[in-house]
Student: 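For reference, the structure I am asking about is given below.
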Number of protein chains: 2
Amino acid sequence: MNIENTKAQMKKGVLEFCILSVLSGGENYPSEIITKMKEAKLIVVEGTLYPLLMRLKNDGLLSYRWEESTSGPPRKYYKLTPVGEQFLKELETTWNELVDAVKKTIEKH
Amino acid sequence: MNIENTKAQMKKGVLEFCILSVLSGGENYPSEIITKMKEAKLIVVEGTLYPLLMRLKNDGLLSYRWEESTSGPPRKYYKLTPVGEQFLKELETTWNELVDAVKKTIEKH
DNA sequence: ATTAGTACCTTGTATCGCATAGTACTAAAA
DNA sequence: TTTTAGTACTATGCGATACAAGGTACTAAT
């Protein structure tokens, strides 16, 4: 029983929402997404992000294009599809409902 | 890819926090906890709650006592241990940090 | 030729919410 | 007396996902 594990558990499902949110602001490649999340104090590692992006792409929420880079290997730029944008809206509601529910639960007692 | 699954995922780790919060207000037995969570729009089913309580007890965060009931089988009243109270404080911080991080992530882009 | 930096990908593990099924006690209805 | 309904606790197996750890590959500077 440690706080680190709980942190990991609390992230489940939330990362999906955050990543779609970041991409709603425009195209990004994975390493860039990790950096932006880190700036917001939401640490996410590669082993988490890549499978997640793959899943979101396979489910039609994201698309990508390759772009050459002058400072290393080519980058995979991801962006939201219309379906992804719709799903993001639903996730927003879901997240707000959860925050609200938790607030009620911890206040009442 | 459906919203119901994401909801379930988002709950992970959060329920632990909510249950400890409910118990910080005094002794409760499982069915009562489910009712209170439901009132706050946080649906939790038996198959989720009982294993969770078991785990929290085994980790020394909760203790319980049996009490006879006039309307059915005896009830198991759970309450926080000092360790549980300490852990709850840490969870509170963890949850607030997550909410904050998500807010930053979705605002910035 | 080697090293450092950047970027993407895969595999295995642990955890947790949930569906499902089951046990057991009380009390009222048949 | 037997059956049904309500209450309460328990156990098993599944699916989803964050993470650790390790790997591949390209560019540029030493």
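So you know, we letter chains A, B, ... as the sequences are listed, proteins then strands, and number each from 1. These numbers come from a predicted model, not from an experiment.
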Student: Show your working on ring-ring contact (aromatic ring centres under 6.0 Å, His included) between A:Y64 and A:Y77 and close with a plain yes or no.
Tutor: CA-CA 5 Å; A:Y64 69 82; A:Y77 279 86; over 10 Å; no
Student: Between B:R75 and B:E32, is the closest basic N to carboxylate O distance under 4.0 Å?
Tutor: no
Student: Select from A:Y29 and B:K7 the residue whose nearest nucleotide in DNA chain C is closer to the 5' end of that strand.
Tutor: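 So the residue in question is A:Y29.
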Student: Taking five pairs at each end of the helix from C:dA1-D:dT30 to C:dA30-D:dT1, what angle separates the two helix axes (nearest 10°)?
Tutor: 20°
Student: Between B:D100 (side chain only) and B:N96 (backbone N and O only), is there a donor and an acceptor less than 3.5 Å apart?
Tutor: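 Not at all, since once roles are kept as given, no pair shorter than 3.5 Å links the two residues.
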Student: With sugar-phosphate meaning primed atoms plus P, OP1 and OP2, does B:S31 contact a base, only sugar-phosphate, or nothing at under 4.0 Å between heavy atoms?
Tutor: sugar-phosphate
Student: When we call it a touch if two heavy atoms are under 4.0 Å apart, what does B:S69 touch: a base, just sugar-phosphate, or nothing?
Tutor: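 Nothing, no heavy atom under 4.0 Å.
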Student: Nearest whole Å is fine: how far is D:dA11 C1' from B:L52 CG?
Tutor: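 So the CG-C1' distance, B:L52 to D:dA11, works out to 15 Å.
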Student: Which nucleotide span of DNA chain C, 5' end to 3' end, has atoms closer than 4.0 Å to non-hydrogen atoms of chain B?
Tutor: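 Terminal contacting nucleotides, 5' to 3': C:dC16 to C:dA27.
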Student: Applying a 4.0 Å non-hydrogen cut-off, can you work out what A:K12 is touching in the nucleic acid: base, sugar-phosphate, or nothing?
Tutor: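 Base, at least one base heavy atom under 4.0 Å.
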Student: Assuming nearest nucleotide by heavy-atom distance, tell me which of A:S71 and A:Q9 is located more 5' along DNA chain C.
Tutor: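 The answer here is A:S71.
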Student: Is it true that, when you exclude A:K76 itself, more than 12 heavy atoms of the residues, nucleotides or ligands shown sit nearer than 6.0 Å to its NZ?
Tutor: yes
